[in-house]
Amino acid sequence: MPKNEIEKLLKNNKVVVFMKGIPEQPQCGFSNAVVQILRMHGVNYDSHNVLKDESLRQGIKEYSNWPTIPQVYINGEFVGGCDIMLQMHQSGDLIEELEKVGIHSELLDKEKNREGNPGDGKK
Ligand SMILES: N[C@@H](CCC(=O)N[C@@H](CS)C(=O)NCC(=O)O)C(=O)O
Ligand code: FES
């Protein structure tokens, strides 16, 4: 798939995921991990199933110069695959990156509620 076609896909949503399968039924553990992470943050995103489109499967790897699927894009920029998303999730960087593009992570609200909730066992 040519670069300009991919750019069109990237413009459709702030968060775009290229994966194997669909969010409701990922076809690979790596794609599933990314879906689970985004779900935890309550992020709305576009997803594209590369297993249904061989030219997309190859095209997206050339576009990002990244050899594997899944691939997550925020504001049209390649962010990473499964390992990077997991790291960013664990470090808190993902919340920050989402915030930068005006997406408020649901996980942030949950953390705040915990801190502000007396009797939750936290000191
Ligand atoms: N370590 C990778 C795991 C993803 C991965 O290894 N994907 C492989 C197997 S699903 C892949 O896309 N291979 C090329 C292909 O299937 O086109 C990550 O962080 O995303
Ligand atoms: S499809 Fe086999 S590891 Fe992803």
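Whatever order the structure lists them in is the order used to number ligands and atoms, beginning at 1.
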Identify, for atom 16 (O) of ligand 1, the protein heavy atom at the shortest distance, and state residue, atom and that distance. Lys20 NZ, 2.5 Å
Could you tell me which non-hydrogen atom of Gly21 sits nearest to which non-hydrogen atom of Asn49, and how far apart they are? N-OD1, 2.9 Å
One finds that the ligand 1 atoms under 4.0 Å from a non-hydrogen atom of Cys28 are 10 (S)
With heavy atoms of Lys61 as the reference, note each atom of ligand 1 found under 4.0 Å away. 14 (C), 15 (C), 17 (O)
Is the number of heavy atoms from other residues, nucleotides or ligands under 6.0 Å of Gln25 CD greater than 12? no
Protein contact to atom 2 (Fe) of ligand 2 [nearest heavy atom, distance to 0.1 Å]: Cys28 SG, 4.4 Å
shortest atom 13 (N) of ligand 1-to-protein heavy-atom contact is with Thr68 CG2, 4.1 Å
Could you list which atoms of ligand 2 come closer than 4.0 Å to a heavy atom of Lys20? 1 (S)
Please examine the side chains of His48 and Val17, heavy atoms only from C-beta on, and report whether any two atoms are closer than 4.5 Å. no
Would you tell me whether Glu54 and Gln58 have side-chain atoms, one donor and one acceptor, within less than 3.5 Å of each other? yes
Cys82-ligand 1 polar pair, N/O distance under 3.5 Å: yes
May I ask you to list the atoms of ligand 1 that are less than 4.0 angstrom from any heavy atom of Asp83? 1 (N), 18 (C), 19 (O)
Does Gln58 come within less than 4.0 angstrom of ligand 1, counting non-hydrogen atoms of the residue? no
Surrounding CD of Glu77 (heavy atoms of other residues, nucleotides or ligands, distance under 6.0 Å), is the total greater than 12? no
Please report the C-alpha distance between Met1 and Leu9 in whole Å, then the side-chain angles of each, then the deciding distance to 0.1 Å, and finally whether the side-chain contact (heavy atoms from CB on, under 4.5 Å) criterion is met. CA-CA 11 Å; Met1 184 180 284; Leu9 299 181; 4.1 Å; yes
For a quick check under 3.5 Å, do Gln36 and Asn32 share a side-chain donor-acceptor pair by atom type? yes
What protein heavy atom lies closest to atom 12 (O) of ligand 1? Include the residue and the distance to one decimal. Ile69 N, 2.8 Å
